[in-house]
Each structure stands twice: as C-alpha cells, then as structure tokens.
Engineer: 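Sharing a structure below in structure tokens format, with a few things to ask.
All values derive from a computational prediction rather than experimental measurement. Below, chain A is the first sequence line, B the second, and so on; all start at residue 1.
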Amino acid sequence: MSIENVHAGGNRLFVSVWVYLLILTAIEVILAYLQLFRTEVMMLILMVLSAIKAGLIIAYFMHLRFEKPSLILTILPAGMLVIALLFAFFPDSFRVLELRPQ
Amino acid sequence: MADVNQKLIPMTEWGGGALPYSIGHKKLGMWLFLLSDSMTFSALLIGYSYVRVANVNWPRPFHIWPSITMATLMTLILLSSSLTMVMGVAASRRNDHSATIRYMLLTMLGGVGFILLHSNEWMGLIREGVRLWENPWGVPLFGATFFALTGLHMAHVASGVIYLGVIAAGVRSKRFGPEHVEISGLYWHFVDLVWMFIFPMVYLLSASRQ
C-alpha cells in the first residue's frame, strides 16, 4: 500500500479514530464516576480499554498499520515481551502486603 | 552506480540493496527510541502498581470536581493535539508548508495547555500538603509515585513542544521535509499514548468515593 493511497482522504479516517478514542475515554470516566466495581475489577476494565486506545493510536496515528510487516514484527512483539517481563517481580507485592502487621 | 548495483545485488530485503523496513534510518531510530521509552514508562507504572498493591488504604484523593474533570479535559486536549499533528503530517506530505506549520502550532498549543493545566493540578496537590515523602492521607509513597510518573510525562510533553517548535521552524525555512515532520509526529503520539495509561492508573483508579 503506497503512502499516497493511505493519505488520500485520510483525514476522515483520523477524525473517526479520534472520535473512537474520545468515546473510550468517556466510558472510562463514567465508570470512575459510577464506582460500580471493586478496584481490582475496575483496573482490569480500564487496562483493557486503555490497551484498545493504545492500539488505535499506534495503528492509525503512528501509522504502524500501513508499514511493512517486517517493521511491525520487529517492534510489537519485542515491546510486549519486555513489558511482560517487567511483571516478573509483581507477585512480590502481595508478599509485602502480607508481611505488614495487620 | 545505482544501476550497476541493482544488476549485481538481488534486491531482496535482507540481501542488501534494499531497505529492510522501507523506512529511513531516522524513523527507525525514533521507533527504537520509543520502544526503549515505553520500557521506562512501563517500569514506572508497574512500580506504582506494585507499591499500591503492597500498601493498605492507598489514598483516593481525586474528586470528580475539580481533579477528574480537569484530567479528562487534559486527555481531550492531548488527544486533539494528536489529531492536529496527524493532520500536519498529512499536510507536509502534500507539500503544503503553511498548513503544516499551522497544524504544528496548534499541536504545540495543545501541549502548552496540557502543561498549564497539569501544573495547576500539581500546585493544588502541593497546597494540600502532598510532598514526595509525605501527604495528609497516610501512605507516604503516594506523593513519590504520583510526582515521578506525571513529572516524567510532563517533561516529555515539554520537550515535545520544543521539538515540534524546532521542526516547525525548519519546515518554515525549508530545511526539514515531510520525513522530519512525520518523525516528530511519532514522538508526539507516543506522549499521548503514555497518558492513555497514566490517566486511568493514577487518576481514575484514585477517584474518591462519594
């Protein structure tokens, strides 16, 4: 797909991505206002919504969807892997919590 | 010379003679920088989550008005500045210099607005007695994690505004072309992307219960 094709009439695409991002943000804020869920559940929901927003930004605003597959395969799996590896220490926080005098 | 090379070297992606990613080295460099920067921010966000889980009664000081509303407004500003940036990149591809500069200035304006609103937020918290090492609500680490996370992000926004200003001046004097604008756009969108995680993690999860 050539760059010209993507950008011909591309502004409408960008505006619709922007609208989707605003809708997702509105859902997040409304959820925070209503306080329907426990913090853990709420965090899970917010992270899923934020991951969708991040995906939209990377794919369309940062244009990655229209790049060569080799670039996508170089950047995305490596990024996800290193971020996932950072969670290796996370279970320790539950241990710290239990060590505290109640 | 180029013709000779094309005959001698097969134009395969990894055999040389072609760009494996079909992008210039500057853009690839920016992508790799953003990859490393995303690690910095995820380390801080995961560290914040770690101390939050490890502490009972983490403070939830952000009221719907003004804090959450202002943070939502800041999100709106940042998202809209991303939209104007993407419009600027499209304009620079059409070689429309004045539109490029106009959109980049709008983007910078959004960045400045974000910094002003966020500084106001910071001053409010500081007036309430939040410091790096203490705050009125218990758990001392709240201040350290809040200021470190949002401070690093604000530093990124501030340097982004300067970066965009330099590129816009270069577009004006015709030193910089569409590729430079696009690369600065990548950086700006990344700053926006990071806020999409900081906003729910720091603000929405700490919205005070009515």
Engineer: Find the one option among B/G47, B/G185, B/S80 whose heavy-atom pairs under 4.5 Å with chain A are most numerous.
Structural biologist: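 Ranked by contacts with chain A, first place is B/S80.
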Engineer: Any idea how B/H118 and B/F114 line up, ring-wise: parallel (<30°), tilted (30 to 60°), or perpendicular (>60°)?
Structural biologist: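 If you compare the ring of B/H118 with that of B/F114, the planes turn out perpendicular.
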Engineer: Is a side-chain donor or acceptor of B/H153 paired with a backbone partner of B/V194 at a separation under 3.5 angstrom?
Structural biologist: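 The answer is no, because no donor-acceptor pair under 3.5 Å joins these two groups.
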Engineer: Which one of A/I58, A/L24, A/V96, A/V29 has the most heavy-atom pairs closer than 4.5 Å to chain B?
Structural biologist: A/V29
Engineer: Is a side-chain donor-acceptor pair under 3.5 Å present for B/D37 with B/Y187?
Structural biologist: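 Judged by distance alone, the side chains do not pair up.
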Engineer: Does any backbone or side-chain atom of B/T72 lie under 4.5 Å from a heavy atom of chain A? Answer side chain, backbone, both or neither.
Structural biologist: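 For B/T72, the contact with chain A is made by the side chain alone.
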Engineer: So which part of B/S36 gets closer than 4.5 Å to some heavy atom of chain A, the side chain, the backbone, both or neither?
Structural biologist: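 Neither part, no heavy atoms under 4.5 Å.
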Engineer: Does any heavy atom of chain B fall under 4.5 Å from the side chain of A/V82, the backbone, both, or neither of them?
Structural biologist: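 When you check distances to chain B, only side chain atoms of A/V82 fall under 4.5 Å.
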Engineer: May I ask you to decide if the ring planes of B/F142 and B/W137 are parallel, tilted or perpendicular, using 30° and 60° as cut-offs?
Structural biologist: perpendicular
Engineer: Using distance alone, with no hydrogens and no angle criterion, decide if B/T107 and B/T84 have a side-chain donor and acceptor under 3.5 Å apart.
Structural biologist: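 Yes - a donor-acceptor pair under 3.5 Å links their side chains.
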Engineer: Of the backbone (N, CA, C, O) and the side chain (C-beta and beyond), which part of A/I75 lies under 4.5 Å from a heavy atom of chain B, both, or neither?
Structural biologist: both
Engineer: Which one wins on heavy-atom pair count under 4.5 Å against chain A: B/L83, B/V51, B/N55?
Structural biologist: B/L83
Engineer: Is it true that A/T74 and B/W31 share a donor-acceptor pair across their side chains at a distance under 3.5 Å?
Structural biologist: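 Side-chain D/A pair, B/W31 to A/T74: absent.
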Engineer: Hydrogens and angles aside, do A/S50 and A/E28 bring a side-chain donor and acceptor to less than 3.5 Å of each other?
Structural biologist: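 Judged by distance alone, the side chains do pair up.
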Engineer: Nearest 0.5 angstrom please: A/M62 CE to B/E182 CD, how far?
Structural biologist: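 The CE atom of A/M62 sits 10.5 Å away from the CD atom of B/E182.
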Engineer: With only heavy atoms counted, which part of B/T69 is less than 4.5 Å from chain A, the side chain, the backbone, both or neither?
Structural biologist: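 No part of B/T69 comes within 4.5 Å of chain A.
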Engineer: Any chance the side chains of B/S82 and A/W18 put a donor and an acceptor closer than 3.5 Å?
Structural biologist: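 Absent: no donor and acceptor within the cut-off.
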Engineer: Side chain, backbone, both or neither: which part of B/F190 has a heavy atom under 4.5 Å from chain A?
Structural biologist: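 For B/F190, the contact with chain A is made by backbone and side chain together.
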Engineer: Given heavy-atom pairs under 4.5 angstrom as the criterion, report whether the side chain, backbone, both or neither of B/S42 touches chain A.
Structural biologist: both
Engineer: Find the one option among A/V15, A/L86, A/L56 whose heavy-atom pairs under 4.5 Å with chain B are most numerous.
Structural biologist: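 Winner by heavy-atom pair count: A/L86.
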Engineer: Go through the atoms of A/V17 and report whether side chain, backbone, both or neither lie under 4.5 Å from a heavy atom of chain B.
Structural biologist: neither
Engineer: Between B/L34 and chain A, which part of the residue has a heavy atom less than 4.5 Å away: side chain, backbone, both or neither?
Structural biologist: side chain
Engineer: Is it the backbone or the side chain of B/I46 that comes under 4.5 Å from a heavy atom of chain A, or both, or neither?
Structural biologist: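 Answer is both: backbone and side chain atoms of B/I46 are under 4.5 Å from chain A.
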Engineer: Sort B/L28 into side chain, backbone, both or neither according to what part of it lies under 4.5 angstrom from a heavy atom of chain A.
Structural biologist: side chain
Engineer: Looking at A/E67 and B/K27, is there a salt bridge between them, counting it only when a charged N and a carboxylate O are closer than 4.0 Å?
Structural biologist: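 Judged by the 4.0 Å cut-off on N to carboxylate O distance, B/K27 and A/E67 do form a salt bridge.
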